[in-house]
Amino acid sequence: MTRQPGPLRIGNASGFYGDRFDAMREMLTGGELDVLTGDYLAELTMLILGRDRLKDPGAGYARTFLRQLEECLGLARERGVRIVANAGGLNPAGLADAVRQLADRLGLPVRVAHVEGDDLTAAHPGSLAAHAYLGGFGIAACLREGADVVVTGRVTDAALVTGPAAAHFGWGPGDHDRLAGAVVAGHVLECGGQATGGNYAFFHEAARSGRDLRRPGFPLAELHEDGSCVVTKHPGTGGFVDVGTVTAQLLYETAGARYAGPDVTARLDTVRLIQDGPDRVRIEGVRGEAPPPTLKVGVNRLGGFRNEVAFVLTGLDIEAKADLVREQLTDALAKSPPAEVRWDLVRTDRPDAPSEETASALLRLVVRDPSQEAVGRALSGAAIELALASYPGFHVLAPPGKGSPYGVFEAVYVPQGGVDHVAVLHDGRRIPVPPAHDTVVLDEVPEPPLPQPLSHGPTARAPLGLVAGARSGDKGGNANVGVWVRSDDAWRWLAHELTVDRFRQLIPESGRLKVTRHPLPHLRALNFVVEGILGEGVAAQHRFDPQAKALGEWLRSRHLDIPEILL
């Protein structure tokens, strides 16, 4: 790719490994595109691919991507669309070879390149997979040298956009504002349908207004040379794009005002969103700073084995029934107790219930141990032997199995120059990608001034979600909850009402954890980071909602005193 006039149209066809299979074809046939990206990796995915590689050293990449290309590679070449995807996972060279073999079989003259250097597993003994998050300049090098398909391993999600943008517009490492704009565009696109109405807090309002949310289209960005962009979707596809859907995705899995990456640190507190017509949101004003001097490395290890069983408690005396079965199993496991035992009583029951299911509560037992035997046969035998000797109405949702391995995720950091970032071209040439030459140690942004509080007036007890949207997600063992409102008056109220103390009251689970609040006034948003709520990461399945996907919806359901003028 060489510098060219006009916007660069970048679309996305995958937000995770397992996303809608037909999305690649839909994006290629639905309208004009220059580049089509696919994000297939997440912390949990790297663990899954690591286990695949244990069984087969030639595995370790997203095989779905190959099946999609079998249908769409010729179509992409016919339309002049270049494909950039991180589907290489733990084995980008292997995936690149597989794509070449596919192209040869289909009789297509396709130039395939890949990016490597992220794999640091050898430097972390005992890990299943340890990979640095690389930036977009390896992708840019591949595209500048004529690649039609670029596959990578662990790059940042936004790198799938910064790379093509840098190649197209001729940006260099010092173009911080432009790169930051591309990072924001990439962050909006990376989760596919979440930017076009999927998982949206106010979905019911959209449905009432006639928008079809059954099958949201995938997003695309019209990216300009100055780093600004317009987020939109192909005409005629489902879902919708507005300031709310883009705000929700901007807040997803972020923390403070500084959104750091290997190429640039984007200042989320400078982002301005403007509705630019139906299904079009302009993103402008994004400022960038030099990236930090270190790269994040995601280290995945097997943490041991886990098992669980859910006892169904029906009708009267729920607490007493739970106490009885807890005491019985504690006694039964006393000879060789698992290393970790966790009980959770979920009161889904209601009095005088019209159905047996709504009369029932769940008592969930989760055990973990380095030994599979300690959580497998020992637990299953002890639990099932209670079938005729415990509380009245004894039954379980499903009998416990043999116990399954669980993973542990840890984020560590290495110097920017601590990886061999290389673009490997279709003809075998290897182009080293230098680390960022200007770096700045990451620091918190001073808290911005808050708006004047909303004037006092009558209030009503009501759910927060009547006036505020939210989206939540995971980063290792931490969770973030982004909360936003849609009017200046609502922002004047939210900014003063939803303090850290109020958050702790509404989400008691966070009471003993560190909670940090980050105001983002341009977005009328507050972003809360709750440290440690997810234990050792999603693969450890520490809590009922291990990725905190619904933590924001729980917050929206909590009641507090809301000014009637906002309701």
Side-chain angles (χ1 to χ4, degrees), residues 1-2 4 8-15 17-41 49 56 58-116 136 138-153 155 159-161 163-168 189 192 217-218 220 234 422-431:
M1 298 177 77
T2 57
Q4 298 179 24
L8 176 68
R9 291 175 63 87
I10 303 180
N12 176 35
S14 176
Y17 189 11
D19 208 344
R20 196 160 80 218
F21 186 87
D22 294 336
M24 184 178 288
R25 175 174 288 277
E26 292 169 9
M27 289 301 289
L28 288 170
T29 58
E32 292 185 9
L33 284 179
D34 299 303
V35 178
L36 183 60
T37 68
D39 180 10
Y40 293 80
L41 301 184
L49 294 176
D56 176 5
Y61 55 79
R63 297 185 182 276
T64 302
F65 176 71
L66 267 181
R67 298 202 304 272
Q68 289 173 304
L69 282 188
E70 188 158 8
E71 294 185 5
C72 297
L73 189 57
L75 186 60
R77 178 159 180 79
E78 174 187 317
R79 296 188 170 226
V81 179
R82 293 180 170 182
I83 295 176
V84 179
N86 60 14
L90 278 57
N91 187 7
L95 178 57
D97 285 341
V99 174
R100 292 186 189 100
Q101 294 170 18
L102 172 64
D104 289 344
R105 180 161 57 82
L106 297 176
L108 298 171
V110 175
R111 291 166 292 192
V112 182
H114 74 274
V115 177
E116 60 184 39
I139 296 170
C142 293
L143 293 171
R144 284 172 177 150
E145 294 295 326
D148 301 302
V149 177
V150 181
V151 294
T152 76
V155 296
L160 302 176
V161 171
H168 181 80
L189 297 187
F218 275 64
L220 64 94
H234 284 325
V422 178
V424 184
L425 306 182
H426 58 280
D427 57 8
R429 285 181 293 145
R430 301 174 63 86
I431 301 179

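The figures here come from the full heavy-atom set of this structure, side chains too, leaving out hydrogens, waters and symmetry mates. Since the model is a prediction, treat every value here as computed from it, not as a measurement.
Side-chain contact between Val149 and Leu73 is present, with at least one heavy-atom pair separated by less than 4.5 Å. Side-chain atoms of Leu49 and Tyr40, non-hydrogen and from C-beta on, never get closer than 4.5 Å to each other.
Here OG1 of Thr37 is found 10.0 Å from CG of Leu220. Values are rounded to the nearest 0.5 Å. The structure places SG of Cys72 at 11.5 Å from CD of Glu78, a figure rounded to the nearest 0.5 Å. Note that CG of Asp97 is 5.0 Å distant from CZ of Arg100, once rounded to the nearest 0.5 Å. In this structure, the separation between CG on Leu75 and CG on Leu28 is 5.0 Å, given to the nearest 0.5 Å. Phe21 CZ to Thr64 OG1: the interatomic distance, rounded to the nearest 0.5 Å, is 7.0 Å. The structure places CZ of Arg111 at 10.5 Å from CG of Leu143, a figure rounded to the nearest 0.5 Å.
Judged by the 6.0 Å and 45° rule, Arg63 forms a cation-pi pair with Tyr61.
In terms of heavy atoms, Gly11 sits closest to Leu33 at N-CD2, 3.6 Å. Between Glu26 and Arg20, the closest heavy-atom pair is OE1-NH2, 2.9 Å. Closest non-hydrogen pair, Val112 versus Ala96, comes out as CG1-O, 3.8 Å. Closest approach of Ala113 and Cys142 over heavy atoms only: CB-SG, 3.7 Å.
Side chain of Arg144 to main chain of Ala166: a donor-acceptor pair is present (N/O by atom type, distance under 3.5 Å, no hydrogens or angles). Between the side chain of Arg77 and the backbone N or O of Val110, no donor-acceptor pair lies under 3.5 Å. Here the side chain of Asn12 pairs no donor or acceptor atom with the backbone of Phe218 at under 3.5 angstrom.
The number of heavy atoms from other shown groups lying within 6.0 Å of CD (Glu32) does not exceed 12.
Every residue two or more places apart in sequence or in another chain that forms a side-chain contact (heavy atoms from CB on, under 4.5 Å) with Ala13 is listed here: Ala23, Met24, Met27, Leu36. For the side-chain contact (heavy atoms from CB on, under 4.5 Å) test, residues two or more places apart in sequence or in another chain that qualify with Thr152 are Asn86, Val115, Ile139, Val150, Val155. Not counting sequence neighbours, the partners of Arg430 by the salt bridge (Lys or Arg N to Asp or Glu O under 4.0 Å) test are Glu116.
Leu160 pairs in a side-chain contact (heavy atoms from CB on, under 4.5 Å) with only one of the listed residues (Val35, Ile10, Leu189, Asp39), which is Asp39.
Between Arg105 and Glu70, at least one side-chain nitrogen of the basic residue sits less than 4.0 Å from a carboxylate oxygen of the acidic one, meeting the salt-bridge criterion.
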